[in-house]
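To start, the structure itself, in structure tokens.
Chain letters run A, B, ... following the sequence lines, proteins first, then strands; residues in each count from 1.
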Amino acid sequence: MSEMTLPFAPARETAATSYLGEGHTLTSWLLTTDHKRIAILYALSITVFFFIGGIVVGLVRLELISPTGWFMTSDEYNRAFSIHGIVMVWFFLVPSIPATMGNFILPMMIGAPDVAFPRLNLLSWYLYVIGAAFTVYVLLSGGVDTGWTFYPPFSTGYSNSNVIPAAVGVFVVGFSSIATGVNFLATVHMLRAPGMTWFRLPLFAWSMYTVSMVMVLATPVLAMSLLLISAERFFGFPIFDATIGGDPLLFQHIFWFYSHPAVYIMILPAMGVVSEVFACFARRRVFGYSFMVFALLVIAVVGFMVWGHHMFVAGQSPFANLVFSFLSFMVAVPSAIKVFNWTATLYRGQIGLEAPMLYALGFVGLFTIGGLTGLFLASVPIDIAATDSYFVVAHFHFIMVGGSVSAFMAGIHYWWPKVTGRLYNEFAAQCAAITMFIGFNLTFMPQFVMGWLGMPRRYHLYPDVFQIWHVLSSGGAAVLAVAYLLPLGYLGWSLIGGQRAGDNPWAATGLEWQTPSPPPRQNFLHPPRVTSEPYAYHEFGRAREQDGETSISGQGDVS
Amino acid sequence: MKLAEFTTAASDYASHVDTLFALLSIISGAVVALVTALIVIFLIRYHRGSRAPRGETPERVDREIEIGWTVATFFTFLFLFWWAASDQLTALALPKDELEVHVVAKQWMWRIQHPSGVREINELHVPAHSNVRLVMTSQDVIHDLYLPTMRLKQDVLPDRYTYLSFNATKTGIFHLTCAEFCGTDHSVMAGRLVVVTPEEYARWTSAQPEGDDLAHQGEKLFRSLGCSGCHAPGSTVHAPDLHGLYGAAVQLADGRTVTADEAYLRDCILLPDKNRVAGFPPLMPNFSGSVTPGQVVQLVAYIKSLTTQSTGTTQGVAR
Amino acid sequence: MSNGGSDMRSLWRGPLLAWIVLMGLFAISLGSAYIPLGHGNVAVNLLIAAVMLAVLATFLMDLKNAKSLVRIVAMAGLFWIMMMFSLTFSDYLTRW
Amino acid sequence: MTDLARALQEPWPDLRMQREGVSLGMWFFLASEVLFFAALFCSYAIYRSYNPEAFRIAGAHTKVIYGSINTVLLLTSSLTMTVALRAATAQLRRVTLICLGITVALGLAFLITKGLEYHDDIEEHLVPGTGFPLSPPATQIFWGLYWIMTGIHAIHLSAGVVVVIAVMIIFGRRIIPVQGSTMEGVAIYWHFVDSVWIFLYPLIYLAGRA
């Protein structure tokens, strides 16, 4: 290939060595600039945080079995749910798909040897670890009890917990997000392989592009909001102090300017993963590809204009409520279109129900419910009744856990053979996927019910009429815990005893599958060149006459 | 405790909200059913290796379907927005002749004071079939008064008034609680909303230990704090006259014009420099450290009474 | 590489011109601040700041020769600021 | 050409792409920085519209002389930075280094002036908290924002100074040739820090002058 002159053309002998074989020392991992190794580092560290957050919420669900509580004080309970929120949102969900799968797959998907700024990529992991270390410090030194939202004046003047270290942790991890975002944006703009035009980008690459946009533009605003409350708490600068003319609501505006788009930071990558998995396991082009792309872009942009729906009862003006309500309804349109398009992708497919597909189907179901209940909360009168209740808790868990985590699992299972070169036990994986779906619904469906009945969130002690729902929810959480632990077992086992996967076990299209598993350091043995549309699972156009079995052909022509 | 204390729709507004909730539930249920049904049908019919035909659909049809459901979704959402917004706007149209009850929240209790001067803690007695307006403020952090049976909640903010209006149609004892996380005992910052008939309310009020009403308490404060020294007509100090002030438009020194509502009056007492009235020297002392939120409520009630019943109490000031 | 005087002159000429304009604008800004214009003061000052930013970006940051993509990115930040300001103020200006 | 080969880094195919990529990446980062400051400016705007009188009174106590000197210093540093970049592109190593040197000197002068100003402010107890000399109380919000805004700006500038010094060392020892992509990124960042000051200056120093 002469179109692209790589200055570091891979030598023949190293071509066979996978990225995993390039050194086995600790420093070869900790000082690596290989996007694939950094992705593995991220995967390991976010897994640790996922289980920290999970254990904490396990305790919370256990405590809530009894309306009067049985092993925590109210202060301990408040610290528990706060740390659950902080850890899960910033140390797991936000980096989850972008920092692991995005890092690993995105450069391969667009045919690049690495991300645009490999050293910045490593730096972003270190920033993540530093932020995480602060959080561990917060945990060990008594916790934080403000909830993940840090509302003043509680956080600035009344809380007796470690607000500032928690804020510093989140602040630093924010920079890690920004670094990743900048890196991905530059990568997608500059390093696409010859022939990889914008409208030949797989939807996962598009989702990484849009999510990077949101990360880069939203995260700094969070950083500033945390800085302001820290300044108020630490130096006594009265920025949000109502007694002298400040306004605590201003914090909420700034905070939600980030934190609503943050929901899209969690869900856009999930949408990308699910699009890949649907196309592969239905062996079908994604229905309405260009609409899917525009939907991602519209969600990313309009997602910035809807933050006020978190503040309908906060003392925001009724006029602003109307504006934000309208915009919130509008941002739901592209989300709905995506659900319809995934469904339509199944039409006339060759559908197989391997584990990644089961997770992806679970995603569509749960995301649909989560999205529709979003409409409830966009309606001002219903939001007034339901906000700050378990209805909201259930709603955002449907999106962030039902949606995002399901898609994360789908992606892990889908790309596992590529990343490790091994196959996991399919049956075990299918069992885990089904258990997760059941456990999830059992956990969060009761929360919708009790929320609408009037159960407020963040309650340690609660009226006993709600006990039955809490018990159901806690039971579901136990099932969910099993479903999250299962993959540790069979995925771990696959590393030792799993079958060799081969280059392309799913017969998938996409450049990442046109290279050995696990891939070599430079990703491709030969610089790839793209000649066709993505998702060429069946021959477009000609299939009309043949009307039979579809042929499988790769997207990339590796010469 | 009974579930009905939470779930009863105790006002017409609450029933409206329930109707909207039902409508949205039906639409959502239909969409979920449709998507699930389609997915299940496709999974069965197009399972790998099945004999169903697999041809391509024409691109033009694809496009029409795509545009079709985009437009359909858009208009459905527009309709839902219109419905929800009109409910909201109806609720905003404030009725006249309200009973104003003051609520001061603090970690972790609700202090309530009726216009008659009666106080209660963590209990709110209101007459049925009357327009009740809660004027709320917080003494420390942000709280949120949540009345499940009215389908209403509103954050209660420090140094600012927020309002909640309702008209209960059912009598009974309902739940009242805090919905915005406010610290250790957030979950037990609860109480009872007692809706009684207007006659019972009158009886209940008069049965309470004797006390001045809010305006009278405010009047006493007004004198003991020395306000009357400057604000009395004919005082040597040049300070604005407060008669007829409430509800009037005020020209401020920096060119703005504001309506003198509760929030404005409160600001004038606690942050006198924020809204200086045009044509007056900045002499008003700052009372933010020396009066409690409850006392501000009384002072404001008194100043309001100078407008609403401008005959009876005026003499008090003039003296 | 040889670098004669003419080379140096072409190196400096454009940026120096921009710098002189910036200095002029700065002086106007400072001077106008002492003329009482009520709300006009802040308007004038911000307008001058905006012009200064435009001059700086176009001539010193060389946006005039940049790829359109870079210009779009530079504009994007401003668009998002606009979104933040207009929607936040939609609350504050209609609140009381 | 060995010079150029050393300037090229993974994963870029050629130097032109690398320069473009670095400058694009820097611009993306600046978009992020813009939003970072936007949150601050937004707070300022809202509080000023709510407490116009307090902001006028508080603004009259800022030290306009220091502020103006600093504006001149920063604008001039932008000039020398632009020339440094142009010189680097034309492969004039010595001119580049001299211009960078002047830029750093101007940056340091800015920071010293800032330090003097902070000293004066602290002498006058213009730090929000008990014993704050100004009234009404909302003046404390202005001064709280003053410290945060100028402080964050100064941190950005210090970072810029450190980076420019590092770049000078790298160029001086010929570790990377001047015409590489490094100058590109550094220059854009420096100008950005300058542009923030262009807005800080009228909002802070000119607020209460009329």
Side-chain angles (χ1 to χ4, degrees), chain C residues 1 3 7-8 10-12 14-16 18-20 22-23 25-27 29-30 32-42 44-46 48-53 55-57 59-62 66-67 69-78 80-85 88-89 91-93, chain D residues 20 23-24 26-28 30-35 37-39 41-43 45-46 48-50 52 55-56 59 64 67-68 71-72 75-76 78-83 85-87 90-95 99 187-188 190-192 194-196 198-203 205-210:
Chain C
M1 281 260 168
N3 47 327
D7 230 13
M8 287 305 281
S10 73
L11 215 55
W12 282 87
L16 204 59
W19 180 79
I20 291 166
L22 285 174
M23 282 300 152
L25 286 166
F26 156 72
S29 185
L30 178 59
S32 75
Y34 287 90
I35 307 164
L37 300 168
H39 287 300
N41 279 114
V42 66
V44 169
N45 284 331
L46 286 178
I48 295 173
V51 176
M52 284 170 86
L53 175 67
V55 172
L56 182 88
F59 298 103
L60 294 185
M61 291 175 100
D62 215 21
K67 284 180 49 169
L69 175 64
V70 166
R71 273 184 249 167
I72 290 171
V73 176
M75 287 295 139
L78 299 182
W80 258 265
I81 288 191
M82 209 184 69
M83 221 143 72
M84 176 194 272
F85 272 67
T88 311
F89 269 97
D91 172 18
Y92 281 89
L93 293 184
Chain D
E20 224 171 83
S23 111
L24 188 63
M26 201 62 206
W27 275 104
F28 282 127
L30 290 196
S32 191
E33 286 273 31
V34 163
L35 268 288
F37 281 99
F41 283 122
C42 191
S43 311
I46 280 168
R48 184 163 177 178
S49 75
Y50 265 68
F55 269 53
R56 203 185 58 74
V64 72
S68 304
T71 311
V72 174
L75 288 175
T76 314
S78 255
L79 168 71
T80 53
M81 185 50 104
T82 304
V83 177
L85 176 61
R86 288 174 150 225
Q91 309 194 19
L92 305 170
R93 210 173 68 93
R94 229 172 57 84
V95 182
C99 284
I188 296 172
W190 191 273
H191 291 309
F192 168 75
D194 192 4
S195 348
V196 172
I198 287 179
F199 282 90
L200 283 182
Y201 174 66
L203 292 179
Y205 295 97
L206 304 182
R209 297 298 152 198

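Considering only heavy atoms from C-beta on, D:Ser49 comes within 4.5 Å of C:Phe89 through its side chain. Side chains of D:Pro202 and C:Ile48 form no contact here, defined as non-hydrogen atoms less than 4.5 Å apart. Side-chain contact between D:Leu92 and C:Leu11 is present, with at least one heavy-atom pair separated by less than 4.5 Å.
With chain D as partner, the option from C:Phe59, C:Trp80, C:Trp12 having the largest number of non-hydrogen pairs under 4.5 angstrom is C:Trp12. Interface check for chain D: of the options C:His39, C:Met75, C:Met23, the most heavy-atom pairs under 4.5 Å are formed by C:Met23. Among D:Phe37, D:Phe199, D:Trp190, the residue making the largest number of heavy-atom pairs under 4.5 Å with chain C is D:Phe199. When D:Ala31, D:Gly208, D:Ala38 are compared by the number of non-hydrogen pairs under 4.5 Å with chain C, D:Ala38 comes out ahead. Note on C:Ile35, C:Ile81, C:Leu53, C:Asp62: by heavy-atom pairs under 4.5 Å with chain D, the leading option is C:Leu53.
Neither the backbone nor the side chain of D:Ala187 comes within less than 4.5 Å of any heavy atom in chain C. If you measure heavy-atom distances from C:Leu60 to chain D, the contacts under 4.5 Å come from both the backbone and the side chain. For a residue to count as touching a neighbouring chain, one of its non-hydrogen atoms must lie under 4.5 Å from one of that chain's; by this rule D:Arg93 does not touch chain C. Neither the backbone nor the side chain of D:Glu33 has a heavy atom closer than 4.5 Å to any heavy atom of chain C. Contacts of C:Leu16 with chain D are made by both backbone and side-chain atoms, with heavy-atom separations under 4.5 Å. Contacts between D:Thr76 and chain C at a heavy-atom distance below 4.5 Å involve backbone atoms as well as side-chain atoms. For chain C, the nearby parts of D:Ala39 are the backbone and the side chain; heavy atoms of each come within less than 4.5 Å. Using a 4.5 Å cut-off between heavy atoms, D:Leu30 contacts chain C through its side chain alone, with no backbone atom that close. Heavy atoms of C:Ala74 lying under 4.5 Å from chain D belong to its backbone as well as its side chain. Contact annotation for D:Leu85: neither backbone nor side-chain heavy atoms come within less than 4.5 Å of a heavy atom of chain C.
For the residue pair D:Ile188 and C:Met61, the shortest heavy atom distance occurs at O-CE, 3.5 Å. The two residues D:Cys42 and C:Met84 make their nearest non-hydrogen contact at CB-SD, 3.9 Å. When all heavy atoms of D:Leu35 and C:Gly77 are compared, the closest pair comes out as CD2-O, 3.9 Å. In plain terms, the two heavy atoms of C:Val70 and D:Ser23 that are nearest each other are CG2-OG, 4.3 Å. Looking at every heavy atom in both residues, C:Ala49 comes nearest to D:Ile198 through O-CG2, 3.5 Å.
The closest donor-acceptor contact from the side chain of D:Tyr50 to the backbone of C:Tyr92 lies under 3.5 Å. A distance-only check finds no donor-acceptor pair linking the side chain of D:Arg209 to the backbone of C:Ser32 [under 3.5 Å].
Taking CG of C:Leu30 as the reference point, atom OG1 of D:Thr71 lies at 8.5 Å (rounded to 0.5 Å). C:Phe26 contributes atom CZ, which lies 7.5 Å from atom CG of D:Leu75 (distance to the nearest 0.5 angstrom).
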Taking it one step at a time, do C:Trp19 and D:Val83 satisfy side chain to side chain contact (heavy atoms under 4.5 Å, CB included)? CA-CA 11 Å; C:Trp19 180 79; D:Val83 177; over 6 Å; no
Carefully, step by step, assess C:Leu56 and D:Asp194 under the rule side chain to side chain contact (heavy atoms under 4.5 Å, CB included). CA-CA 9 Å; C:Leu56 182 88; D:Asp194 192 4; 3.7 Å; yes
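Between D:Phe41 and C:Phe85, the ring center distance fails the sub-6.0 Å criterion.
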